[in-house]
Amino acid sequence: MTEHKSFKRKIRARMAKTGERYGAARRVLLDKGSPRSEPAPGVAAEPSARADEPGLSDESIREATGRGWDDWCAELDAWGGTRRSHTEIARHVNEAYAVPGWWAQSVAVGYERIRGLRARYQRRDGTFVASASKTLNVPVADLWEAVADEARRAAWLPAADTRLRGATPPKVVRFDWPADGSRVTLYLTPKGATRSQLAVEHAKLADGEAVVASKAFWRERLGALAALLEA
């Protein structure tokens, strides 16, 4: 684990120096022979050698997919999973093992974390993203007005330094978040005639700690929005 953290620090140092994305910097360092926690191409790693925990328990993934994490690591290592993109891994799990879409994505994410291909809350390109959602007892048209109108948005998202980047009524609103250079996208989905869902994606965050803080912030703000609209 210590070796893995040291390698991640080297990746970030190279990113800062060269401007490369996480995946590109990682590949260069691996080619140069830096320590790594995943197996060399064509060589399966020991099933118990984990860079991080997968997020879902062995019992839950086995119940849903018929295989535990050690089994999935062995299967995907033999297939060359450490050299594949997230999309390729998820598609392979879905098509070759008949695992449904959401669980195929979960297998791909868990495998990537076990093999050190991504950190918790981190995408394969090195960026960190927080998400949150809330289902509200209001029609999507009412939710849209509360989200898209600046004055009404200030009632549940006060003092937020946001810059509107674009909107697709009544589905999506995008903001820049100048305070830290991150970006926020709000997705609105109708849930019948009288209910709707608001999902938040807060991207380009600095690290895992920023993700945890963002998740807590948006859960609280979505609660305030629900209280305002459902009062």
Side-chain angles (χ1 to χ4, degrees), residues 1-15 20-30 34-97 99-132 201-216:
M1 184 66 73
T2 300
E3 181 182 27
H4 176 63
K5 290 182 178 179
S6 176
F7 182 45
K8 287 169 61 179
R9 286 194 293 270
K10 290 181 180 180
I11 294 174
R12 293 195 178 95
R14 181 177 176 85
M15 290 170 64
E20 294 171 333
R21 298 177 77 89
Y22 185 94
R26 176 182 167 277
R27 284 192 294 273
V28 171
L29 291 175
L30 287 176
S34 296
R36 56 187 174 184
S37 47
E38 71 273 16
V43 179
E46 290 297 323
S48 60
R50 296 189 177 188
D52 197 358
E53 291 304 309
L56 293 173
S57 70
D58 193 76
E59 291 77 12
S60 62
I61 203 70
R62 185 180 298 279
E63 180 179 354
T65 69
R67 290 172 173 80
W69 285 118
D70 286 351
D71 302 318
W72 277 118
C73 286
E75 296 277 358
L76 294 173
D77 284 344
W79 173 69
T82 58
R83 304 189 302 276
R84 311 281 185 155
S85 70
H86 172 81
T87 300
E88 288 174 323
I89 297 171
R91 183 185 298 119
H92 176 70
V93 171
N94 172 254
E95 295 177 352
Y97 299 93
V99 174
W102 188 88
W103 284 104
Q105 292 286 339
S106 298
V107 169
V109 170
Y111 173 75
E112 289 165 338
R113 286 175 57 180
I114 289 171
R115 289 297 179 242
L117 303 177
R118 73 161 78 197
R120 185 170 298 183
Y121 307 123
Q122 186 180 40
R123 291 182 172 177
R124 286 287 292 274
D125 63 2
T127 62
F128 289 85
V129 180
S131 60
E201 181 181 87
H202 197 157
K204 294 191 173 183
L205 295 169
D207 51 31
E209 291 184 2
V211 172
V212 172
S214 178
K215 283 177 172 286

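Both backbone and side-chain heavy atoms feed into the values below; hydrogens, waters and symmetry mates do not.
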Q: Go through the structure and list residues passing side chain to side chain donor-acceptor pair (under 3.5 Å) with S131, not counting sequence neighbours.
A: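 Result, side chain to side chain donor-acceptor pair (under 3.5 Å) vs S131: none returned.
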
Q: Using 0.5 Å steps for rounding, measure from the CD atom of E63 to the CG atom of D58.
A: 11.5 Å

Q: Would you name the heavy atoms of I61 and G68 that are closest together and state the gap between them?
A: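 Closest approach of I61 to G68: CG2-CA, 4.0 Å.
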
Q: Does the side chain of Y111 come within less than 4.5 Å of C73's, by heavy atoms?
A: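 Sidechains of Y111 and C73: in contact.
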
Q: Are any of the side-chain heavy atoms of N94 and W103 separated by less than 4.5 Å?
A: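 N94 vs W103: side chains apart.
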
Q: Can you list everything that forms a side chain to side chain donor-acceptor pair (under 3.5 Å) with E201? Sequence neighbours excluded, please.
A: R123

Q: With sequence neighbours excluded, what pairs up with H86 under the ring-ring contact (aromatic ring centres under 6.0 Å, His included) test?
A: none

Q: If I compare all heavy atoms of E88 with all of W79, which pair ends up nearest, and what's the gap?
A: O-CH2, 3.5 Å

Q: D70 vs R62, test: salt bridge (charged side-chain N to carboxylate O under 4.0 Å, His left out). Steps then yes/no.
A: CA-CA 10 Å; D70 286 351; R62 185 180 298 279; over 6 Å; no

Q: Using 0.5 Å steps for rounding, measure from the CZ atom of R118 to the CD atom of E112.
A: 4.0 Å

Q: Could you please spell out the steps behind the salt bridge (charged side-chain N to carboxylate O under 4.0 Å, His left out) verdict for R67 and E75?
A: CA-CA 10 Å; R67 290 172 173 80; E75 296 277 358; 3.8 Å; yes

Q: Measure from the side-chain N and O atoms of R115 to the backbone N and O of T82, and report whether any donor-acceptor pair falls under 3.5 Å.
A: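 Between the backbone of T82 and the side chain of R115 there is no qualifying donor-acceptor contact (under 3.5 Å).
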
Q: List for me each residue that meets side chain to side chain donor-acceptor pair (under 3.5 Å) alongside T65, sequence neighbours excluded, and say none if there are none.
A: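 Partners of T65 by the side chain to side chain donor-acceptor pair (under 3.5 Å) criterion, ordered by chain and then number, come out as W72.
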
Q: Roughly how far, to the nearest 0.5 Å, is CG of L76 from CD1 of I114?
A: 9.5 Å

Q: Is the backbone N or O of L56 less than 3.5 Å from a side-chain atom of W69, with the two atoms forming a donor-acceptor pair by type?
A: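 Between the backbone of L56 and the side chain of W69 there is a qualifying donor-acceptor contact (under 3.5 Å).
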
Q: Hey, are the side chains of F128 and K204 touching, using non-hydrogen atoms and a 4.5 Å cut-off?
A: no

Q: Tell me every residue that passes ring-ring contact (aromatic ring centres under 6.0 Å, His included) with W102, counting only those two or more places apart in sequence or in another chain.
A: none

Q: Going by the rule side-chain contact (heavy atoms from CB on, under 4.5 Å), which residues pair with A130 if we only count those two or more places apart in sequence or in a different chain?
A: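 Partners of A130 by the side-chain contact (heavy atoms from CB on, under 4.5 Å) criterion, ordered by chain and then number, come out as H202, L205, V211, S214, K215.
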
Q: Give, for atom CD1 of I89 and atom CZ of R83, the distance between the pair rounded to the nearest 0.5 Å.
A: 11.0 Å

Q: What's the shortest heavy-atom distance between G80 and R84, and which atoms?
A: O-CG, 3.2 Å

Q: Measure across V99 and A104 and return the closest heavy-atom pair with its distance rounded to 0.1 Å.
A: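 Minimum heavy-atom separation between V99 and A104: CG1-N, 3.5 Å.
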
